[in-house]
Participant: 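Have a look at the structure that comes next, please.
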There are 4 protein chains.
Amino acid sequence: MNPQRPEPAGKLKLAKALRELLENKDFNSITTANIAKTADVNEALIYRYYGDKRGLLHYLLSNYLDAFIKQISIDLKGIEGAVNKLRKLIWTHIYLYDHNRVFAKILLLEVRNYPGYFSSETYRTVKVYTKIILELIAEGVENREIRNDISTSLIRQIILGGIEHTCLPAIIFNREMDIDLLHEELCSAIFKGIQPIK
Amino acid sequence: MNPQRPEPAGKLKLAKALRELLENKDFNSITTANIAKTADVNEALIYRYYGDKRGLLHYLLSNYLDAFIKQISIDLKGIEGAVNKLRKLIWTHIYLYDHNRVFAKILLLEVRNYPGYFSSETYRTVKVYTKIILELIAEGVENREIRNDISTSLIRQIILGGIEHTCLPAIIFNREMDIDLLHEELCSAIFKGIQPIK
Amino acid sequence: MNPQRPEPAGKLKLAKALRELLENKDFNSITTANIAKTADVNEALIYRYYGDKRGLLHYLLSNYLDAFIKQISIDLKGIEGAVNKLRKLIWTHIYLYDHNRVFAKILLLEVRNYPGYFSSETYRTVKVYTKIILELIAEGVENREIRNDISTSLIRQIILGGIEHTCLPAIIFNREMDIDLLHEELCSAIFKGIQPIK
Amino acid sequence: MNPQRPEPAGKLKLAKALRELLENKDFNSITTANIAKTADVNEALIYRYYGDKRGLLHYLLSNYLDAFIKQISIDLKGIEGAVNKLRKLIWTHIYLYDHNRVFAKILLLEVRNYPGYFSSETYRTVKVYTKIILELIAEGVENREIRNDISTSLIRQIILGGIEHTCLPAIIFNREMDIDLLHEELCSAIFKGIQPIK
DNA sequence: CATGAATGAGCATTCATTCAT
DNA sequence: TATGAATGAATGCTCATTCAT
């Protein structure tokens with residue numbers, strides 16, 4: 001219960017091992033034997049620390065998501081205006097996807113199809129993020145930067161869907177991404193539609 | 001002796017079964033037992049009729065590709081001008097992806113990573129299609145509808161990449177597609193760049 | 001029931017096909033599909049004509065055994081004395097093993113281990129042969145060419161065991177056989193022991 | 001950490017089970033399910049401990065070969081003269097084949113035809129043995145007990161071929177062996193030819 | 001905190017055999 | 001007389017997971 005107690009060595013080694021392996025293989029074709037051997041610990045530790053193989057994946061993911069959210073929070077500091085903040089958020093989101101393709105892949109492709117996703121901690125962490133977005137939108141609506149005749153949740157949908165739509169092909173096919181270009185295109189598409197008509 | 005001998009029931013049932021299963025799962029996580037049970041035939045028939053599990057997938061695909069190409073060829077009839085034909089081709093391509101999501105998924109995601117794809121019959125059929133596109137582009141260049149300072153194969157790349165980029169997210173996440181909208185956006189992006197500056 | 005009715009084409013083709021295949025593979029690794037394809041007939045014919053795969057093998061074998069016995073019977077004509085006839089019989093036996101290695105292999109290795117061998121037609125034909133030997137021995141005993149204080153069946157055992165012993169290594173490892181040398185060694189070993197002490 | 005850690009129970013049970021089964025069936029017709037059931041352990045242990053089914057066979061074999069070579073080395077102690085040592089070696093070889101028929105069978109029949117045999121550890125161990133023989137022969141040549149106009153490797157060939165030829169039939173057909181008789185016959189045949197003419 | 005041992009369920013694939021026509 | 005369609009029972013092998021220590 002002591003939040004300060006350091007994680008056991010084996011637990012960390014396993015997480016590190018899976019992260020490594022995910023760079024070259026997809027989750028389903030990585031075996032537990034594989035992970036344990038790479039980590040140089042016993043296979044059974046996966047079950048002790050993470051419940052099961054998928055648990056380890058979610059642990060990895062939630063670690064990443066925490067960093068993701070922390071990064072975005074920092075990046076928003078000092079920016080004025082909800083739309084400006086959202087622009088920055090989108091840029092960082094794309095940037096982080098580009099620089100953490102393994103996680104992007106898991107998040108975009110692996111994690112959703114599985115039963116239990118919506119009751120997972122990953123999902124709870126994702127919701128923290130979507131809540132941040134929602135609040136920015138609400139702020140925008142209040143400031144009259146954003147139309148008030150579209151529901152905030154639909155707007156959030158548009159933003160997240162747009163990011164996904166924008167990044168997915170490059171991530172699936174390991175293509176390079178021109179972050180600034182993609183960001184510009186995406187923002188103009190999004191904000192043209194959701195900004196109030198003056 | 002009859003070259004038109006109808007396909008055996010089991011063969012067709014298997015193809016149908018895999019098509020069904022692919023709607024919800026990806027190929028690798030569909031088992032042969034799974035397919036056979038869905039088809040309500042014996043597992044061994046997969047091997048009798050298709051050589052192996054992957055053979056069945058390629059059968060499905062090549063059936064679809066033939067229909068795909070036939071449809072596009074018909075759709076181009078009566079249209080004048082290379083750019084107009086290409087616009088129509090893109091529309092039909094998107095339309096067919098939208099209405100045959102299983103095949104779109106296979107084509108976009110499953111089939112490429114596999115060793116032997118480039119020596120498969122599927123690949124040969126795909127090349128028939130890309131050749132059609134190439135010829136339309138060449139026609140366009142000749143008629144001065146399309147710039148002659150970009151290689152035709154690069155232009156083809158742009159078109160096919162664009163279609164992919166446009167359709168992939170909707171296909172992966174089973175989202176609805178506004179075909180006309182996507183088509184319009186895609187075409188304006190493509191043709192703005194490749195039409196000659198007057 | 002007409003003994004003159006010719007064998008159906010398919011039946012013969014199958015026998016021929018198996019004989020061919022046995023030259024390069026052992027029986028267990030030849031499949032029924034294999035046989036039928038080589039014979040260019042339907043797989044089910046094996047079951048119509050021979051009951052099962054092993055039945056076909058036994059048919060082949062009994063054909064061979066008939067020829068074997070016929071050949072030996074002819075070879076014995078015009079030879080005087082039981083021991084001389086036995087010498088000739090042994091020579092021909094070795095000769096035929098050497099020149100029909102496929103059958104030698106089946107007879108020596110494949111056929112015995114199987115349940116049902118002793119009630120097979122093959123076994124009945126083999127008994128015709130051993131009866132010939134037994135009669136030659138009895139003739140020899142009567143003529144005082146062969147000791148009368150060893151049972152004829154034991155003597156037969158010694159002869160057949162000796163032949164087997166002599167030929168087996170060459171047959172298993174596909175080695176060449178010096179028929180005359182083997183014959184001489186074997187006969188001197190056998191007849192030294194079984195001829196009456198003068 | 002203890003390098004002498006005892007072999008796991010399951011590993012040993014599997015080896016014992018295969019040894020038992022080989023008494024009545026040949027390796028190819030023994031299934032992994034068969035082995036596991038006889039050993040009363042899980043089939044997967046074969047793969048954990050031996051890599052695959054054939055690995056288990058080679059384990060059995062190499063255990064046996066080690067004992068074989070150890071026994072022969074001991075038996076040669078205190079014997080004077082290369083030819084006398086070879087005689088003893090031949091006797092022990094025949095004796096061990098007689099008393100370990102399963103291994104004799106594997107060694108004579110199963111192991112050779114397989115691809116990879118010549119790069120296996122079994123083969124390396126076999127070579128240790130043949131080297132012992134070669135050295136004895138060289139010793140004999142030096143002492144003028146053995147002719148020096150036949151290559152030592154040919155002489156080794158004659159000895160090993162002779163043993164094989166002598167034991168094979170009895171081993172294949174589970175017949176009894178009169179070891180002393182076989183030994184005497186074989187040695188007289190071998191050494192008549194290879195001893196120097198005085 | 002960590003491990004070695006063991007397992008059940010499943011995997012793609014093979015093959016001798018049956019049967020309606 | 002012959003065939004195409006179909007199948008049950010294996011086969012060697014893999015892997016996530018459990019558990020006593």
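Scope of the values below: all heavy atoms of this structure, side chains included, with no hydrogens, waters or symmetry mates.
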Participant: Rounded to the Å, how far apart are C/Ile35 CD1 and E/dA16 P?
Facilitator: 7 Å
Participant: Between A/Ala33 and C/Lys11, who's closer to the 5' end of DNA chain F by nearest nucleotide?
Facilitator: C/Lys11
Participant: Rounded to whole Å, please give me the gap between CG in A/Leu12 and C1' in E/dA2.
Facilitator: 15 Å
Participant: Round to a whole Å and report the spacing from CZ of C/Arg54 to P of E/dA16.
Facilitator: 11 Å
Participant: Please state how far atom OH in B/Tyr50 lies from atom C1' in E/dT14, giving the value in whole angstrom units.
Facilitator: 19 Å
Participant: Should the pair B/Lys105 and B/Phe27 be classed as cation-pi, given the thresholds of under 6.0 Å to the six-membered ring centre and 45° from the axis?
Facilitator: no
Participant: For residues B/Leu60 and B/Leu22, determine if any side-chain heavy atom of one lies less than 4.5 Å from a side-chain heavy atom of the other.
Facilitator: yes
Participant: Between C/Pro8 and B/Ala9, which residue's closest nucleotide on DNA chain F lies nearer the 5′ terminus?
Facilitator: C/Pro8
Participant: Which pair of non-hydrogen atoms, one from A/Tyr49 and one from A/Gly10, has the smallest distance, and what is that distance?
Facilitator: CE1-C, 4.4 Å
Participant: Rounded to the nearest angstrom, tell me the gap between atom CG in B/Asn28 and atom P in F/dC15.
Facilitator: 13 Å
Participant: Need to verify one output field. Residue with the more 5' nearest nucleotide on DNA chain E, D/Glu43 or C/Thr32?
Facilitator: D/Glu43
Participant: Hunt down the Watson-Crick or G-U wobble partner of E/dT21, both distances under 3.5 Å, from any strand shown, or write none.
Facilitator: F/dA2
Participant: Taking only N and O in the side chain of D/Thr31, is any of them less than 4.0 Å away from OP1 or OP2 of F/dT11?
Facilitator: yes
Participant: Using 0.5 Å steps for rounding, measure from the CD1 atom of B/Ile35 to the CG atom of B/Leu18.
Facilitator: 5.0 Å
Participant: With distance as the sole criterion, do the side chain of C/Arg48 and the base of F/dA2 form a donor-acceptor contact below 3.5 Å?
Facilitator: yes
Participant: Name the pairing partner of E/dT13, where a pair is Watson-Crick or G-U wobble with both distances under 3.5 Å, or state none.
Facilitator: F/dA10
Participant: May I have the distance from A/Phe27 (atom CZ) to F/dC15 (atom C1'), rounded to whole angstrom?
Facilitator: 13 Å
Participant: Under 4.0 Å between any heavy atoms, over every strand shown, what does D/Tyr49 touch: base, sugar-phosphate, or nothing? Just pick one.
Facilitator: sugar-phosphate
Participant: Using a cut-off of 4.0 Å on non-hydrogen atoms, how would the nucleic acid contact of B/Leu14 be classed: base, sugar-phosphate, or nothing?
Facilitator: nothing
Participant: Output the rounded distance in Å from NZ (D/Lys37) to C1' (E/dG8).
Facilitator: 15 Å
Participant: Give D/Ile30 one of three labels, base, sugar-phosphate or nothing, depending on what nucleic acid heavy atoms sit under 4.0 Å from its own.
Facilitator: sugar-phosphate
Participant: Should A/Tyr47 be listed as having a side-chain N or O under 4.0 Å from OP1 or OP2 of F/dT17?
Facilitator: yes
Participant: OP1 or OP2 of E/dA2 less than 4.0 angstrom from a side-chain nitrogen or oxygen of A/Asn42, does that happen here?
Facilitator: no
Participant: Can you measure from CZ (B/Phe68) to CG (B/Asn100) and round to the nearest 0.5 angstrom?
Facilitator: 9.0 Å
Participant: Could you say whether A/Asp40 or D/Gly10 is positioned toward the 5' end of DNA chain E, judged by the nucleotide with the nearest heavy atom to each?
Facilitator: A/Asp40
Participant: I'd like to know if the side chain of B/Glu43 pairs up with that of B/Thr32 as donor and acceptor (distance under 3.5 Å, no hydrogens or angles considered).
Facilitator: yes
Participant: Between C/Lys53 (NZ) and E/dT17 (P), how many Å, whole number?
Facilitator: 8 Å
Participant: Which nucleotide wins on minimum distance to the side chain of C/Leu45, given the candidates F/dA16, F/dT3, F/dG12?
Facilitator: F/dT3
